[in-house]
Amino acid sequence: MRVRHGLTFAWVLLALEVATHGAAHAAPARVLPTSGVLFDDFSYASTADLIRGGWIQRSQPGHPGIPGAQWSPGTVSLVADPERPGNQLLRLQASTDGTGPGTAQAQLCHARKYLEGTYAARVRFSDAPVQGPTGDVVVQSFYAVSPLKYDFDPEFSEVDWEYLPNGGWGDMRPRLYGITWQTVRIEPWLAFNQAHEEFRPLGGWHTLVMQVADGRTRHILDGVVVADHGGRNYPVVPMSINFNVWFSPGGQLPGVSSLRIYQQDIDWVLHVKNQVLTPAEIDTIVVHMRTSKVLAVDSVAPATPALVSSCDF
């Protein structure tokens, strides 16, 4: 178990009393487990401390993204929150000039040990680049995934959110995907999954939740259930938690060689193993963590047997 900044783990005995609007009494209490919790609000002094805190920054080439693109160390940083003094954000930055060698993509991963339970993160999507013209097919993501050992691997598991502010993949409308995967072949592409699409611009801050339990996966956007998946798409093996920003092959602005830079910010991430938490309960946990100055906790036990935690997919 990892706990930073001096607090014991006694907070997990907190009974979460989520009040209803206008009600005189709170809803029934929920007691968090004494293990099986990951929380991080990215209040690290440096990216080196971020890595020592259990995160892995991708450096391996390959899928997804533009062929020849780099997964560069300089694409992950820690920045001050301009809207909340004293708060710090994790920032992923991807850039492209339309070529593989001129493209840097960003990905950050946690250990491969997560399966059933609740996943949540507060994420800021970007509708436009911070530099250069808009229009590239860029993908901004929060997801859990296992390795794809071979084409149509039956144990492949993935549950994700993917935001395409400029559209792409046959439809140029901006949209947010909530997807649960069964399996896939990368080349030539053939995927088996269930996908929900929110067709609207979603630049700005959002709370993204994925519930994985009882043979169903649910995607919850800002407190609203937008997708409910199940059947053969249900994840079956432990996954890693990931954030990334990348450019879809063939989706670059034609004839434009100037650099385009996109950013995605993450305020915090939470996973509670084997519990289905409501958005209100998630908010209560995060507020309690921050008021108690618990900056990072990882009490999720490694998989048995322990699994290699690569950051390359």
Quiz item: Going by atom types alone, do Asn242 and Arg58 pair a side-chain donor with an acceptor below 3.5 Å?
Solution: no
Quiz item: Under 3.5 Å, is there a donor-acceptor pair linking the side chains of Asp40 and Trp55?
Solution: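 There is such a pair (donor and acceptor under 3.5 Å, judged by atom type) between the side chains of Asp40 and Trp55.
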For residues [X] and [Y], establish whether the separation of their ring centroids is below 6.0 Å.
| X | Y | result |
| --- | --- | --- |
| Phe313 | His63 | yes |
| Tyr234 | Trp181 | no |
| Tyr177 | Trp169 | yes |

So, are [X] and [Y] salt-bridged, with charged N and O less than 4.0 Å apart?
| X | Y | answer |
| --- | --- | --- |
| Asp151 | Arg185 | no |
| Lys149 | Glu155 | yes |
| Glu198 | Arg175 | no |
| Arg216 | Asp214 | no |

Self-check item: Trp268 six-ring centre to Arg122 NZ/CZ under 6.0 Å and within 45° of normal
Solution: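 No, Arg122 and Trp268 do not form such a contact.
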Exercise. Answer yes or no on whether Arg173 is positioned over the face of Phe199, meaning its NZ or CZ is under 6.0 Å from the six-membered ring centre and within 45° of the axis.
Key: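 Checked: cation-pi criterion met.
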Quiz prompt | Backbone of Asp160 reached by a side-chain donor or acceptor of His219 within 3.5 Å | solution = yes
Quiz prompt | Positive for side chain to side chain donor-acceptor pair (under 3.5 Å) with Asp228, one of His196, Arg218, Gln194 | solution = Arg218
Self-check item: All side-chain hydrogen bond (donor to acceptor under 3.5 Å, both in side chains) counterparts of Ser309, not counting sequence neighbours
Solution: none
